[in-house]
Amino acid sequence: MPTELNQSYDPKTVEPKWYQTWEESGCFDGNVEAGKDPFTIMIPPPNVTGMLHMGHVLDNTLQDIFIRRARVEGKSALWFPGTDHASIATQVKVEKALRAEGTSRRELGREKFLERAWQWSDEHGGIIFKQLRRLGASCDWRRARFTMDAEYQRSVLASFVELYERGYIYRGKRLVNWCPASQTALSNEEVEMKPQKGKLYKMRYEIVEEPGRFVEISTTRPETIMGDTGVAVHPEDERYADLVGKHCWRPFPRAEIPIVADRAVEKDFGTGVLKVTPAHDQVDFDIGQRHNLPLIDVMNPDGTLNALSGPEFEGVERFKARQMAAAKLEELGLMVEVEDYENNVGFSERAGVPIEPRLSEQWYLKYPKVEEAKRAVEKGIVRFHPKRWEKVYLHWLNNIQDWCISRQLWWGQRIPVWYRKGADASDPANWHVSVDGPEDPENWEQDEDVLDTWASSNLWPFATFGWPSDDPKVKEELDYFYPTSMLVTGFDIIFFWVARMIMSGLELTGNSKDALTDEEIDQRVPFKDIFIHGLIRDEKGRKMSKSLGNSPDPLDLIEKFGADGLRFGIINIAPSGSDILFSEERIEIGRNFCTKLWNACRFRQMAGGVSKNQRLDDIVGRLAGSELEGYGNWILSRLLETMAEIEGQFSRFEMHALAHTLHNFFWGDFCDWYVEAAKAMLQSEEDPRHDAALAVSDLVIRHTLLLLHPVMPHITEELWSSMGYSVDGGFIQDGGLLTASELKSVLEKAGVTIDAAGAAQIENVKELISQARATKAEYNVASKRDVTLFVTPKDNESGAVVEANLDTIKKLAGAATIELRESVDNLPGSVSALGTVYLDLSSAVDVEAEKTRLSKELEKLDKAIQAGSGKLKNPNFVDKAPPHVVDGARKQLEDTEAKRDEIARLLGSL
RNA sequence: GCGCGGGUAGCUCAGUUGGUUAGAGCAACUGGUUUACACCCAGUAGGUCGGGGGUUCGAGUCCCUCCUCGCGCACCA
């Protein structure tokens, strides 16, 4: 039942009301529905303890738009929500809390620590779900999954076991990126290279075989001298050729170390001599391997030096040790010089400290189906939007290295490997790898480590459904919803997450196979379209961050602008694929648009009779048979154009343009022109156009609501119901949005035809009105509503159009009378396609001002004519350009010349 | 070093395959309460499309080159 709208729109009451109604009704539930096409999006799971920030607002608004559009189109839409345990991030937070209490995870022990972590995630978790609800996210909350749920954990362990059995997972001892703060290994992707200002120390080592002779060596890390087990030069470096095979003295602890030749050394850098510390540098490690140099690890896991570095360094923190080592070199007279130096240092992304290459034993994944993952994108089975991200993705895959998946953390899925007690743990014969563990656990010890967070989230598109399982329901749902329709995320996790999901989907969602056909790829990929959006930055282009305090709380913005206002605002300012400069001012447009929509509907309600709105057929029936008047024809043709435009924008993922299209159509075309023109027809109920004008309004509003609903779900739902469109209390999502061509044929079947030529005439009428308004403004009578206008029509047809639209022209231009004349002299006028419109001034015309204005216009037209005629005189243009372009140019020139002549005449008549 | 993206009105951005006199929103300015809306209405002004060269009948759009800003990857101790 339609209800009367309040004077102003209040999102604070309307939005929560509808959200609750929706959720209670189960209308967000995504179910297998035979006969309906599925449309699935898996949410990029936010951190379980995370709070909603602007990035989430953008990401989830976009997802909700696609999901709700799918529902309005009659698909079975499933938006699958959940949260990620964020192993390292969460553990860091819990440990921080423990430190504040004066304790630590080690003191607590694994079991107690995990209790605390669970407690933490229970307390802080779920907040973001509430916030997403407030934003209007239409997730199927029944299904919400957490990556630490028992069932999900089993999926993760099952994937480990499966990949192990298929030979992709192995254990290896090598240099890893070690984070001394979190004391865990990290993957290459978790290391961020940052330029650092430091020192380059040039020192000298004495040659053992030639006392008194020294080689000079540059280093940025003197604290690792104690781990040096060699010195290397380039094999073709003549300066040092005679030294290769000899030895030099490592100053402390003093020892002889060999001089080797290796191609990894850059001749031209520094002195061309490299100190080799195999245990603390990747390049050095490789050199060491090639020359059988021993490894001396001089550091503890926490970044302090150990006993091997000598008594005076033992227990000293690494940066302190650097200074001490430098001082000691000075003392020994071995320092040659120290200069300021900037180089790139790897930082732990989470803990923010420099990582330490460290030798340790870890679990690695050799990525499966790399070739297929490339092929999926190269062949367009999986498509990035914008397309340029394909290159980034492929580049990463082309340089892919095995992934270190074990973490020395406790919060996460514990690696499902057991080692036989008392046996050689390095021998796989003594391993037990399974989801449930050995049957005689007393004889085994489980691996202490957990898996990298991303090693669990990369299963998200299928593990959430219960994979792997023999349950027919799981199979049925996967068959129906998987591969999912699209993924919406930021470019910052293309490597971390997107690429890995594709590879795990390819490997795990079917039988073990060495190679896949294109068809198999098509069935196994986790999604078909990847919509990559930019990051939100502040108005100065800086990243939003807590420390800068430049990140607004989305809930404050919702308070101010409403969730719908914020949603529209953020989409409206988000250019496709590049970063978004956020400013609150730019969100206002969303709130203003809500208000406009509300008021336009309120205006329509005041005219009465909205109870006849229910079905599309009802409205179309009210139009049937009668011929559409000009503006009605025009706005309906604009509606069909707009609908078609939006269909294209959805298919091309142009959400930014979508917002503009909707805004322009509803505000610029419907409110500013149609409604204003319709006022003239609504003035009297006897006006023969009265009922049709109402029906046209109803048709436009109905479709605007349907088109806008994905972007602004709450207000459109409220209006859908208040304006009487709801059938038996049904939601707008069941409104059955037709395509532009479907709607066109529905109208045609009812005898309502949209006439393109008629619509073009109205565009001309609009132009004439604008010209009249401009002339009035020029003479400072813009606000007078009783002026007289004269029109000298261009031809009979134009005259007829003006006659036919006389009352709306009067209304919209603000004139009491309009007279059609053969000619008019001595009055200011403007030229339009239909003819010249003059302003009748009772007072004298400011001839000089008018001359200036017209001369300026004349000048502009002359320029255009010159360009146009020059073009047409050019035989090359006439011969080579396609005929329609030449005709267009000719027509253009004629029109412009006519306009020029008319203005010249006006000017002359003054 | 390799790669990607941007440089169009004061600001933020559109500008499909090259084809009318390059658009929008905001800000500015002028004038306004008319059957909803000042979160409004009407109007005005503002751009040699980063520079240079080329292809073409025709270039904001294609090619080359340079400048400039941002980002990613790699990395020499």
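In what follows, chains are A, B, ... by sequence order, proteins preceding strands, each numbered from 1. Fair warning: this is a prediction, and the values are worked out from it, not measured in the lab.
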Asker: Could you tell me how far B:C64 sits from B:U56 if I compare only their C1' atoms? Round to whole Å.
Answerer: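 Each nucleotide's C1' atom is 16 Å from the other's.
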Asker: Counting only Watson-Crick or G-U wobble pairs whose two distances fall under 3.5 Å, which nucleotide matches B:C2?
Answerer: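 Its partner is B:G72.
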Asker: Would you say the base of B:A14 and the side-chain of A:Glu654 have a donor-acceptor pair closer than 3.5 Å?
Answerer: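 Checked by distance alone, the answer is no.
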Asker: Across all strands, who's sitting opposite B:C29 as a Watson-Crick or G-U wobble pair, both distances under 3.5 Å?
Answerer: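 Base-paired to B:G43.
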Asker: Ignoring backbone atoms, establish whether A:Trp667 has a side-chain N or O less than 4.0 Å from OP1 or OP2 of B:C41.
Answerer: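 So the side-chain polar atoms of A:Trp667 do come within 4.0 Å of the phosphate oxygens OP1 or OP2 of B:C41, strictly under.
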Asker: Applying a 4.0 Å non-hydrogen cut-off, can you work out what A:Ser770 is touching in the nucleic acid: base, sugar-phosphate, or nothing?
Answerer: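 Sugar-phosphate only.
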Asker: Would you indicate, yes or no, if B:C41 has its OP1 or OP2 atom less than 4.0 angstrom from a side-chain nitrogen or oxygen of A:Lys596?
Answerer: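 Yes, because at least one side-chain N or O of A:Lys596 sits under 4.0 Å from OP1 or OP2 of B:C41.
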Asker: Roughly how many Å is it from CD in A:Glu897 to P in B:U21, rounded to a whole number?
Answerer: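 The distance from CD of A:Glu897 to P of B:U21 comes to 13 Å, rounded to the nearest Å.
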Asker: Confirm from the modelled atom types if A:Lys391 and B:C4 form a donor-acceptor pair under 3.5 Å, side chain to base only.
Answerer: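 Result: no qualifying N/O pair found.
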Asker: Give me the distance, rounded to whole Å, that separates B:A36 from B:U17 when you measure between the P atoms they each carry.
Answerer: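 Straight-line distance between the two P atoms is 45 Å.
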Asker: Just to confirm, is there a sub-4.0 Å distance from OP1 or OP2 of B:A74 to any side-chain nitrogen or oxygen of A:Asn344?
Answerer: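 No, outside the criterion.
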Asker: Any strand is fair game: report the nucleotide pairing with B:A14 by Watson-Crick or G-U wobble, both distances under 3.5 Å, or none.
Answerer: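 With both distances under 3.5 Å required, B:A14 matches none.
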Asker: Taking only the side-chain heavy atoms of A:Asp672 (C-beta and beyond), determine which of B:C26, B:A42, B:C57 contains the nearest atom.
Answerer: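 That would be B:A42.
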Asker: May I ask you to verify if any side-chain N or O of A:Asn592 is less than 4.0 angstrom from the OP1 or OP2 atom of B:C40?
Answerer: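 Checking B:C40 against A:Asn592, a side-chain N or O does come within under 4.0 Å of OP1 or OP2.
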Asker: Paired with B:G60 by Watson-Crick or G-U wobble geometry, both distances under 3.5 Å: which nucleotide is it?
Answerer: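 Paired with B:G60, as far as the under-3.5 Å criterion goes, is no nucleotide at all.
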Asker: At under 4.0 Å between heavy atoms, what does A:Cys594 touch on the DNA or RNA strands: base, sugar-phosphate, or nothing?
Answerer: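 The residue A:Cys594 makes no contact with any strand.
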Asker: Does a side-chain N-to-carboxylate-O contact under 4.0 Å join A:Glu763 and A:Arg638?
Answerer: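 Answer for the salt bridge query: no.
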Asker: At under 4.0 Å, does any side-chain N or O of A:Tyr341 touch on OP1 or OP2 of B:A77?
Answerer: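 Checking B:A77 against A:Tyr341, a side-chain N or O does come within under 4.0 Å of OP1 or OP2.
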Asker: Does a side-chain N or O of A:Arg388 approach OP1 or OP2 of B:G5 to a distance below 4.0 Å, or not?
Answerer: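 No.
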Asker: Tell which nucleotide pairs with B:A38, taking only Watson-Crick or G-U wobble pairs whose two distances are both under 3.5 angstrom.
Answerer: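 The base-pairing partner of B:A38, which may sit in any strand shown, does not exist here.
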